[in-house]
J.: 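Submitted below is the structure of interest, expressed as structure tokens.
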Amino acid sequence: MSNLKIAVMPGDGIGTEVMDAALNVLSVLQNRFGFRLDLEDHQGGADLYRRTGTALTDESFEAARRADAILFGAMGLPDVRYPDGTEIAPHLEMRRAFHLYAGVRPVRSLPNTPSILADPRSRDIDLVIIRESTEGLFYSRGKGTIEDDSVARETLVITRDTSERLFDFSFRLAERRRERRGREGRVTCVDKSNVFVAMAFFRKIFDERSKGFAGVRADHAYVDAAALDMIRKPWEFDILVMENMFGDILSDLGGGLVGGMGLAPCAEIGDEHALFQPAHGSAPDIVGQGKANPTAMLLSMAMMLDWLGNRHAMPSLCEAAEALDRAVDVAYAEKIKPFEFGGSDGTREIARAVWESIA
Ligand code: ATP
């Protein structure tokens, strides 16, 4: 036993299906790489809310706080809402309460998956979007005002403290990717500093922090130019770091570049806590049919293993993470074609192909 506790929250709809698949793959990895995580299962989500009036109990919330990492499926159902009409999304509450400032969205082409770009270099897309997730324009969530039905206001907030952490996190990630990929590390600050003083402040802090990471190239792009280049030449990017609202938009653009919802992993990382989940929702339209693609969940779990291994100096976890990433590539290259892309492989077949590919 590693004594590392994982709060496992499968949630609603296909969240439970992709989580089952991930835990099966995890047990193969544990045996192969000789580690053991202490898994604690917690119910939560829209279905629980419908049945009990609570989306996530205080006990589960506190268990998530105490855990070394949170592995999350998907929570929310279209027909279940809080009385004020908002979605059931306990992970947004955790984002705030646990100060999960770095929203990490890898965008990587997998073999044999459809690309919307005709250019063959789109096979080489391997970038990471880091979306600041606790402030920016979303800081205004729930605080906006409308005056006399004639003017509406929302306020964007950038703080030095969170920005420094965000940029340091981004540069450290670039250093790790440089080692793993054997390519120059690069971090691009995406902003609108030519228009907004808050964005110029964001960029200034980026430039200051970049000086501590001499081995990584630091550059800038205005958000409009970055959006264009993500379509024109996304294979040239490594890490793009940005304010919350810009990250919300560009991470969906990134997901769209490399295929379906079932492929996009996500991590929400702070200094003391981290939550790992697929970027997709509970997909009620395919629930119970065995068609959900567990790849995003598996890649999110790989990010969790890597983060835990790095944080707790446990190389076997980092090796397991790399092996899982590689196994996903092998499975797509040689063994599977998911329902999502017109094939006939569902949750079980994909999970099995991945665990059989773990070297
Ligand atoms: P949310 O608002 O909860 O993020 P959403 O309404 O944006 O959710 P999803 O639940 O992610 O949407 O589903 C969007 C579409 O993508 C649906 O057609 C769904 O079937 C499909 N989809 C989502 N996840 C997967 C998956 N893992 N495998 C296959 N298809 C998926």
J.: Does atom CD1 (Ile116) have a neighbourhood of more than 12 heavy atoms from anything else shown, all under 6.0 Å?
T.: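 Counting other residues, nucleotides and ligands, CD1 of Ile116 exceeds 12 neighbours.
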J.: Using every non-hydrogen atom in the two residues, find where Asn244 and Glu135 come nearest and quote the distance to one decimal.
T.: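 Result for this residue pair: ND2-O, 3.1 Å.
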J.: What I'd like to find out is whether the side chain of Met304 reaches to under 4.5 Å of the side chain of Leu71, using heavy atoms alone.
T.: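 They are in side-chain contact.
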J.: Would you say the side chain of Asp41 lies within less than 4.5 Å of the side chain of Pro10, judging by non-hydrogen atoms?
T.: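 With C-beta onward as the side chain, the pair touches.
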J.: Can you confirm whether Thr113 sits close enough to Val258 that some side-chain heavy atom of one is under 4.5 Å from a side-chain heavy atom of the other?
T.: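 SC-SC contact between Thr113 and Val258 ruled out.
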J.: Do Asp329 and Arg326 sit within salt-bridge range, that is, some charged N less than 4.0 Å from a carboxylate O?
T.: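 Result for this pair is no, no salt bridge flagged.
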J.: Would the distance check show the side chain of Asp148 and the main-chain N or O of Ser150 forming a donor-acceptor pair, the cut-off being under 3.5 Å?
T.: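 Side chain of Asp148 to backbone of Ser150, a donor-acceptor pair under 3.5 Å: no, none is there.
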J.: Can you check whether Ile350's main-chain N or O pairs, donor with acceptor, with Asp345's side chain at less than 3.5 Å?
T.: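 No, the answer is negative, given that no donor and acceptor are paired below the 3.5 Å cut-off.
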J.: Could you check Leu56, Thr52, Asp58 and say which one makes a side chain to side chain contact (heavy atoms under 4.5 Å, CB included) with Thr54?
T.: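 Option passing the side chain to side chain contact (heavy atoms under 4.5 Å, CB included) with Thr54: Thr52.
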J.: Identify the two heavy atoms, one from Val216 and one from Ala174, that lie closest to each other, and give their separation to 0.1 Å.
T.: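 That closest heavy-atom pairing would be CG1-CB, 3.7 Å.
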J.: Could you check Arg121 against Asp124 for salt bridge (Lys or Arg N to Asp or Glu O under 4.0 Å), going step by step and ending with a plain yes or no?
T.: CA-CA 5 Å; Arg121 286 174 293 180; Asp124 301 328; over 6 Å; no
J.: Ignoring hydrogens and geometry, is there a side-chain-to-backbone donor-acceptor pair from Arg32 to Ala359 under 3.5 Å?
T.: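 A pair under 3.5 Å: yes.
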J.: So, His42 versus Glu40: side-chain donor-acceptor pair below 3.5 Å or not?
T.: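 Yes, a side-chain donor-acceptor pair sits under 3.5 Å.
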J.: Are Arg65 and Glu62 within salt-bridge range, i.e. N to O under 4.0 Å?
T.: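 Salt bridge flag = yes for Glu62 with Arg65.
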J.: Tell me whether the count of non-hydrogen atoms from other residues, nucleotides or ligands lying under 6.0 Å of CZ in Phe169 goes above 12.
T.: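 More than 12 within 6.0 Å, yes.
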J.: For residues Arg165 and Asp168, determine if any side-chain heavy atom of one lies less than 4.5 Å from a side-chain heavy atom of the other.
T.: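 Not touching, per the 4.5 Å side-chain cut-off.
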J.: Specify whether Tyr49 and Tyr82 have parallel, tilted or perpendicular ring planes, treating 30° as the upper limit for parallel and 60° as the lower limit for perpendicular.
T.: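 It falls in the perpendicular class, over 60°.
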J.: Passes side-chain contact (heavy atoms from CB on, under 4.5 Å), Leu324 versus Leu29? Steps please.
T.: CA-CA 8 Å; Leu324 176 51; Leu29 286 167; 3.9 Å; yes
J.: Please confirm whether the backbone N or O of Gly13 pairs with a side-chain atom of Ser282, one donor and one acceptor, at under 3.5 Å?
T.: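 Not a single qualifying donor-acceptor pair exists.
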J.: Do you know which two heavy atoms are closest between Leu305 and Ala321, and how far apart they sit?
T.: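 Scanning both residues completely, I find the closest heavy atoms to be CB-CB, 3.9 Å.
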J.: If you define the side chain from C-beta out and look only at heavy atoms, does anything of Ile6 sit under 4.5 Å from Leu308?
T.: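 Of all side-chain heavy-atom pairs linking Leu308 with Ile6, at least one is under 4.5 Å.
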J.: What closest approach, in Å, do Gly309 and Leu317 show between heavy atoms, and which atom pair accounts for it?
T.: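 Closest heavy-atom pair between Gly309 and Leu317: CA-CB, 3.6 Å.
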J.: For a 4.5 angstrom cut-off between non-hydrogen side-chain atoms, does Phe276 reach Cys266?
T.: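 Answer no - side chains too far apart.
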J.: Hey, is the main chain of Leu137 close enough, under 3.5 Å, to the side chain of Glu243 for a donor-acceptor pair?
T.: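 Answer holds: yes.
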J.: Ignoring hydrogens, what is the shortest heavy-atom contact between Ala323 and Phe33? Give both atom names and the distance.
T.: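 Of all heavy-atom pairs spanning Ala323 and Phe33, the closest is CB-CZ, 3.4 Å.
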J.: Quick check against the 3.5 Å criterion: does Asp238 have a side-chain atom that pairs as donor or acceptor with the backbone of Arg186?
T.: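 Yes; at least one donor-acceptor contact below 3.5 Å.
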J.: Using only atom types and a distance under 3.5 Å, with no angle test, would you say the side chain of Asp47 pairs donor to acceptor with the backbone of Asp12?
T.: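 No.
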J.: Side chains of Ile158 and Phe196: does their closest heavy-atom pair fall under 4.5 Å?
T.: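 Result no, sub-4.5 Å side-chain heavy-atom pair not found.
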J.: Please step through salt bridge (Lys or Arg N to Asp or Glu O under 4.0 Å) for the pair Glu17 and Arg348, ending with a clear verdict.
T.: CA-CA 9 Å; Glu17 301 173 18; Arg348 270 207 214 139; over 6 Å; no
J.: Among the clusters formed by ILVMFWY side chains lying less than 4.5 Å apart, do Phe61 and Ile70 turn up in the same one?
T.: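 Yes, same cluster.
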J.: Run the side-chain contact (heavy atoms from CB on, under 4.5 Å) check on Val128 and Leu240 step by step: do they pass?
T.: CA-CA 6 Å; Val128 180; Leu240 298 113; over 6 Å; no
J.: Do NZ/NE/NH1/NH2 and the carboxylate oxygens of Arg36 and Asp38 come within less than 4.0 Å?
T.: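 The answer is no: the pair does not qualify as a salt bridge.
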J.: Test: ring pair (Phe, Tyr, Trp, His ring centres under 6.0 Å). Region: residues 225-260. Which pairs qualify, not counting sequence neighbours?
T.: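 Listed once each, the pairs would be none.
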J.: With a 4.0 Å cut-off on N to O distance, would you call Arg203 and Asp207 a salt bridge?
T.: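 The answer is no: the pair does not qualify as a salt bridge.
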J.: Could Glu268 and Arg131 be called an ion pair, given the rule that one side-chain N must be under 4.0 Å from one carboxylate O?
T.: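 Looking at Glu268 and Arg131, the cut-off is not met.
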J.: Just by distance, no angles: are the side chains of Asn293 and Thr295 close enough, under 3.5 Å, to form a donor-acceptor pair?
T.: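 Judged by distance alone, the side chains do pair up.
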J.: Salt bridge or not for Arg176 and Asp306, using N-O below 4.0 Å?
T.: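 Yes.
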J.: Who are the ring pair (Phe, Tyr, Trp, His ring centres under 6.0 Å) partners of Phe171, not counting sequence neighbours?
T.: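 Ring pair (Phe, Tyr, Trp, His ring centres under 6.0 Å) list for Phe171, sorted by chain: Phe206, Phe213.
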J.: With a cut-off of 6.0 Å (strictly less than), are more than 12 heavy atoms of other residues, nucleotides or ligands near CG of Asp149?
T.: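 No - once you tally the heavy atoms of other residues, nucleotides and ligands closer than 6.0 Å, there are 12 at most.
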J.: Determine, for Arg232 against Asp229, whether the closest basic-nitrogen to carboxylate-oxygen distance falls under 4.0 angstrom.
T.: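 Yes, charged N to carboxylate O under 4.0 Å.
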J.: Are more than 12 heavy atoms from other residues, nucleotides or ligands located less than 6.0 Å from atom CZ of Arg180?
T.: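 For Arg180, atom CZ is crowded (more than 12 foreign heavy atoms under 6.0 Å).
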J.: Can you tell whether the side chains of Lys233 and Asp119 come within less than 4.0 Å, N to carboxylate O?
T.: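 The answer is no: the pair does not qualify as a salt bridge.
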J.: Taking all non-hydrogen atoms of both residues, which atom of Pro294 and which atom of Ala351 are closest, and how far apart?
T.: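 Nearest pair, atom of Pro294 first, then Ala351: CG-N, 4.2 Å.
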J.: Look at the side-chain heavy atoms of Ile, Leu, Val, Met, Phe, Trp and Tyr, link any pair under 4.5 Å apart, and say whether Ile231 and Tyr222 land in one connected group.
T.: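 Different clusters: Ile231 never reaches Tyr222 through Ile, Leu, Val, Met, Phe, Trp or Tyr contacts under 4.5 Å.
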J.: Is the NZ or CZ atom of Lys335 both under 6.0 Å from the centre of the six-membered ring of Tyr332 and within 45° of that ring's axis?
T.: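 No, Lys335 does not lie over the aromatic ring of Tyr332.
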J.: Start with the C-alpha distance between Ser193 and Asp191, add both sets of side-chain angles, then the distance that settles side chain to side chain donor-acceptor pair (under 3.5 Å), and finish with yes or no.
T.: CA-CA 6 Å; Ser193 57; Asp191 59 50; 3.0 Å; yes
J.: Using a strict cut-off of less than 4.0 Å between a Lys/Arg side-chain nitrogen and an Asp/Glu carboxylate oxygen, indicate whether Arg183 and Asp126 qualify as a salt bridge.
T.: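 Salt bridge between Arg183 and Asp126, a charged N being under 4.0 Å from a carboxylate O: no.
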J.: Can you tell me if Thr134 and Glu132 form a side-chain donor-acceptor pair at under 3.5 Å?
T.: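 Yes, side-chain donor-acceptor contact under 3.5 Å.
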J.: For the pair Lys204 and Glu208, find out whether any cationic side-chain nitrogen is under 4.0 Å from an anionic carboxylate oxygen.
T.: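 Judged by the 4.0 Å cut-off on N to carboxylate O distance, Lys204 and Glu208 do form a salt bridge.
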J.: So, do Leu250 and Val190 sit near enough that their side-chain heavy atoms are less than 4.5 Å apart?
T.: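 Yes; the side chains approach each other to less than 4.5 Å.
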J.: Using the side-chain contact (heavy atoms from CB on, under 4.5 Å) rule, take Arg66 and Lys5 through it: C-alpha gap first, then chi angles, then the decisive distance, then the call.
T.: CA-CA 8 Å; Arg66 283 193 307 273; Lys5 260 196 181 39; 5.9 Å; no
J.: Checking salt bridge (Lys or Arg N to Asp or Glu O under 4.0 Å) for the pair Arg153/Glu147: CA distance, chi angles, key distance, verdict?
T.: CA-CA 8 Å; Arg153 293 181 206 281; Glu147 295 158 22; 2.8 Å; yes
J.: How would you list, by chain and number, every residue that makes a side chain to side chain donor-acceptor pair (under 3.5 Å) with Glu175, sequence neighbours excluded?
T.: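 Glu175: no side chain to side chain donor-acceptor pair (under 3.5 Å) contacts found.
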J.: When you check the gap from the basic side-chain N to the acidic O, do Arg178 and Glu184 get nearer than 4.0 Å?
T.: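 Looking at Arg178 and Glu184, the cut-off is not met.
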J.: Using side chain to side chain donor-acceptor pair (under 3.5 Å) as the criterion, point out the one residue from Asp161, Asp271, Thr159 that pairs with Tyr101.
T.: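 That would be Asp271; it is the only one of Asp161, Asp271, Thr159 passing the side chain to side chain donor-acceptor pair (under 3.5 Å) with Tyr101.
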J.: Following the transitive rule for hydrophobic clusters with a side-chain heavy-atom cut-off under 4.5 Å over Ile, Leu, Val, Met, Phe, Trp and Tyr, establish whether Leu100 and Met303 coincide in one cluster.
T.: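 They do not share one cluster, since no chain of ILVMFWY contacts under 4.5 Å joins Leu100 to Met303.
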